Amino acid sequence: MKSYRIQQNDAGQRVDRFVSKAVPALPASLLQRYIRTKRIKLNGKRCENRTMLAVGDELSLYINDEFFAPASETENAFLSARGPVDIVYEDGNLILADKRPGLVVHEDDSGSADTLINRIQRILFERGEYNPAAENSFAPALCNRLDRNTGGIVIAAKNAATLRVMNALLRERLLEKHYLCLVHGAPDPPASTLRGYLLKDEARRQVEIFDRPRPGAKTILTRYETLEHSGSVSLLDVELLTGRTHQIRAHLAHAGHPLLGDAKYGRNRDNRENGCRFQALYSYRLRFLPDERLEHLADLGGREFRISPEQIWFYRDFVSGNFK
């Protein structure tokens with residue numbers, strides 16, 4: 001038997017979700033059965049899987065010791081992430097990090113522990129702001145993601161309450177996200193909002209865009225504005241009105257203006273000629289729309305954060321005339 005005293009980072013979540021994080025070795029089927037047969041109790045009484053936890057609650061698990069395995073080296077992989085974190089903004093609740101192209105946000109098929117989230121967790125651990133041994137179910141987490149070869153602002157939550165707020169704001173589209181990108185050709189008109197329908201192919205790890213609804217396809221809206229045009233290349237500001245996998249890359253390619261350097265949706269011959277190692281796409285502006293939930297988070301409502309275009313590799317090359 002093992003008991004957990006519910007802390008601030010544990011509160012506000014369902015019993016079954018807490019246990020699945022605190023005891024990851026416990027199969028989901030057994031978890032549901034143990035709740036049903038009262039082998040998992042809240043404050044000494046029967047509970048339901050949907051029962052919400054509060055600070056100070058005591059959750060007792062009358063289950064086999066084999067499920068309470070000590071933390072493995074894999075679970076503490078953040079300790080081996082040695083790269084830097086470029087911080088755009090930080091307070092006691094969150095970090096806005098500038099992820100550089102080539103860095104993955106979470107571990108992928110390569111198995112490398114040097115990811116953005118592991119770098120952030122290591123830094124917080126070294127500062128004494130994060131101690132995994134003192135946490136039952138929470139670790140600092142990313143609220144949004146970027147592709148490996150896309151750079152820009154990624155939000156990391158330092159505590160569970162902030163993670164819930166950020167996830168809600170993203171879900172309700174209360175964060176404005178702008179991207180800077182270089183595309184082939186000159187979009188006509190120079191500014192517009194594109195509507196399409198995105199169908200994800202999990203096997204190929206690719207998406208396809210259609211002009212009309214398709215079964216299983218999700219509506220996407222992509223707003224763009226041409227900032228400059230030089231030769232056969234245009235610099236765009238793109239706002240994501242919906243946030244789907246590879247949306248900007250696939251949607252602009254479907255419109256006839258693929259991103260420079262995009263090996264999946266772009267033009268390989270043109271990419272080779274321009275010498276782009278990464279797709280020319282950067283999440284460079286993030287604005288928090290006013291919302292009462294942000295009042296307790298450094299009053300972020302209405303605030304905008306940005307990365308200067310001069311710090312973005314492809315913008316420097318563009319203004320220098322290095323792209324054809």
Side-chain angles (χ1 to χ4, degrees), residues 88 96 98-102 144-154 173 175-198 206-211 219-287 289 304-324:
V88 177
L96 302 183
D98 178 5
K99 185 194 86 68
R100 298 304 172 89
N144 62 317
R145 301 184 181 190
L146 292 175
D147 297 335
R148 174 196 286 269
N149 292 330
T150 298
I153 301 175
V154 177
R173 302 175 188 170
L175 278 76
E176 287 184 359
K177 294 181 286 183
H178 288 256
Y179 292 72
L180 202 65
C181 65
L182 287 179
V183 300
H184 292 282
D188 184 19
S192 183
T193 298
L194 303 175
R195 174 184 289 271
Y197 301 89
L198 181 149
Q206 197 162 337
V207 303
E208 191 171 358
I209 308 297
F210 301 94
D211 294 322
T219 303
I220 56 172
L221 295 169
T222 309
R223 179 181 296 155
Y224 71 87
E225 177 184 358
T226 304
L227 302 178
E228 295 183 54
H229 178 74
S230 178
S232 63
V233 177
S234 296
L235 178 71
L236 307 184
D237 176 291
V238 178
E239 182 183 0
L240 272 181
L241 302 182
T242 55
R244 307 294 184 192
T245 301
H246 299 173
Q247 178 176 324
I248 293 175
R249 299 165 59 190
H251 209 176
L252 290 175
H254 179 74
H257 303 286
L259 271 64
L260 270 70
D262 193 339
K264 190 180 290 285
Y265 302 101
R267 302 168 180 167
N268 289 332
R269 183 185 65 184
D270 293 337
N271 291 336
R272 286 193 297 270
E273 290 177 355
N274 283 297
C276 291
R277 293 179 52 222
F278 308 112
Q279 59 246 16
L281 180 65
Y282 224 91
S283 173
Y284 82 114
R285 287 172 55 197
L286 178 69
R287 180 171 177 264
L289 298 182
E304 179 177 289
F305 301 90
R306 65 169 63 204
I307 296 168
S308 170
E310 286 74 17
Q311 296 178 259
I312 300 173
W313 64 274
F314 62 80
Y315 179 83
R316 294 194 301 266
D317 285 347
F318 175 76
V319 296
S320 300
N322 294 342
F323 293 126
K324 300 177 181 179

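Not measured: the values here are computed from a predicted model.
Remark: Glu239 pairs with Arg223 by the side-chain hydrogen bond (donor to acceptor under 3.5 Å, both in side chains) rule, at least two apart or across chains. Judged as a side chain to side chain contact (heavy atoms under 4.5 Å, CB included), and not counting sequence neighbours, the contacts of Leu240 are Tyr179, Gln247, Ile248. With sequence neighbours left out, the side-chain hydrogen bond (donor to acceptor under 3.5 Å, both in side chains) criterion links Tyr224 to no other residue. For Phe305, the ring pair (Phe, Tyr, Trp, His ring centres under 6.0 Å) partners are Tyr89, not counting sequence neighbours. Residues passing the side-chain hydrogen bond (donor to acceptor under 3.5 Å, both in side chains) test with Asp147 are Arg249, sequence neighbours excluded. Scanning for ring pair (Phe, Tyr, Trp, His ring centres under 6.0 Å) contacts around His246 gives Tyr265, with sequence neighbours left out. With sequence neighbours left out, Ala191 forms a side chain to side chain contact (heavy atoms under 4.5 Å, CB included) with Glu225. Residues satisfying the side chain to side chain contact (heavy atoms under 4.5 Å, CB included) test with Phe278, not counting sequence neighbours, are Pro101, Asn149, Trp313. Under the rule for a salt bridge (Lys or Arg N to Asp or Glu O under 4.0 Å), the partners of Asp237 that lie at least two apart in sequence or sit in another chain are Arg285. Remark: Arg145 engages no residue in a salt bridge (Lys or Arg N to Asp or Glu O under 4.0 Å) (not counting sequence neighbours). Applying the side-chain hydrogen bond (donor to acceptor under 3.5 Å, both in side chains) rule to Thr226 yields no partners; only residues at least two apart in sequence or on another chain are considered.
Between the CG atom of Leu289 and the CZ atom of Arg173 there is a distance of 12.5 Å, given to the nearest 0.5 Å. To the nearest 0.5 angstrom, Arg148 atom CZ is 11.0 Å from Gln279 atom CD. One distance of note links CG of Leu182 with CG of Asp262; it measures 12.5 Å at 0.5 Å rounding. Here the NZ atom belonging to Lys99 is positioned 13.0 Å from the CD1 atom belonging to Ile153, to the nearest 0.5 angstrom. In this structure, the separation between CG on Asp98 and CD1 on Ile307 is 3.5 Å, given to the nearest 0.5 Å.
Using a 4.5 Å heavy-atom cutoff, the side chains of Leu194 and Ile220 are not in contact. Proximity of Leu260 to Phe314: side-chain heavy atoms (C-beta onward) are nowhere separated by under 4.5 Å. Looking only at side-chain heavy atoms (C-beta outward), Leu198 and Thr242 stay at 4.5 Å or farther from each other.
When atom types are taken as modelled, the side chain of His184 and the backbone of His257 share no donor-acceptor pair closer than 3.5 angstrom. Using a distance-only test at 3.5 Å, with no hydrogens or angles considered, no donor-acceptor pair links the side chain of Ser234 to the main chain of His229.
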- Worked verdict on Tyr197 versus Thr219 for side-chain contact (heavy atoms from CB on, under 4.5 Å): CA-CA 5 Å; Tyr197 301 89; Thr219 303; 3.4 Å; yes

- Intermediate values then yes/no, side-chain contact (heavy atoms from CB on, under 4.5 Å), Leu227 and Leu180: CA-CA 9 Å; Leu227 302 178; Leu180 202 65; 3.7 Å; yes

- Message: Show, in sequence, the C-alpha distance, side-chain angles and deciding distance for Arg100 and Tyr282, and conclude whether the side-chain contact (heavy atoms from CB on, under 4.5 Å) test is met.
- Response: CA-CA 9 Å; Arg100 298 304 172 89; Tyr282 224 91; 3.4 Å; yes

- Derivation of the side-chain contact (heavy atoms from CB on, under 4.5 Å) call for Leu286 and Val88: CA-CA 11 Å; Leu286 178 69; Val88 177; over 6 Å; no

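Between Leu236 and Pro187, the shortest heavy-atom distance links the atoms CD2-CG, 4.0 Å.
Annotation: salt bridge (charged side-chain N to carboxylate O under 4.0 Å, His left out) contacts involving residues 176-191, sequence neighbours excluded, comprise Glu176-Arg287.
Evaluated for a side-chain hydrogen bond (donor to acceptor under 3.5 Å, both in side chains) with Ser308, the options Arg306, Glu310, Gln311 yield exactly one hit, Glu310.
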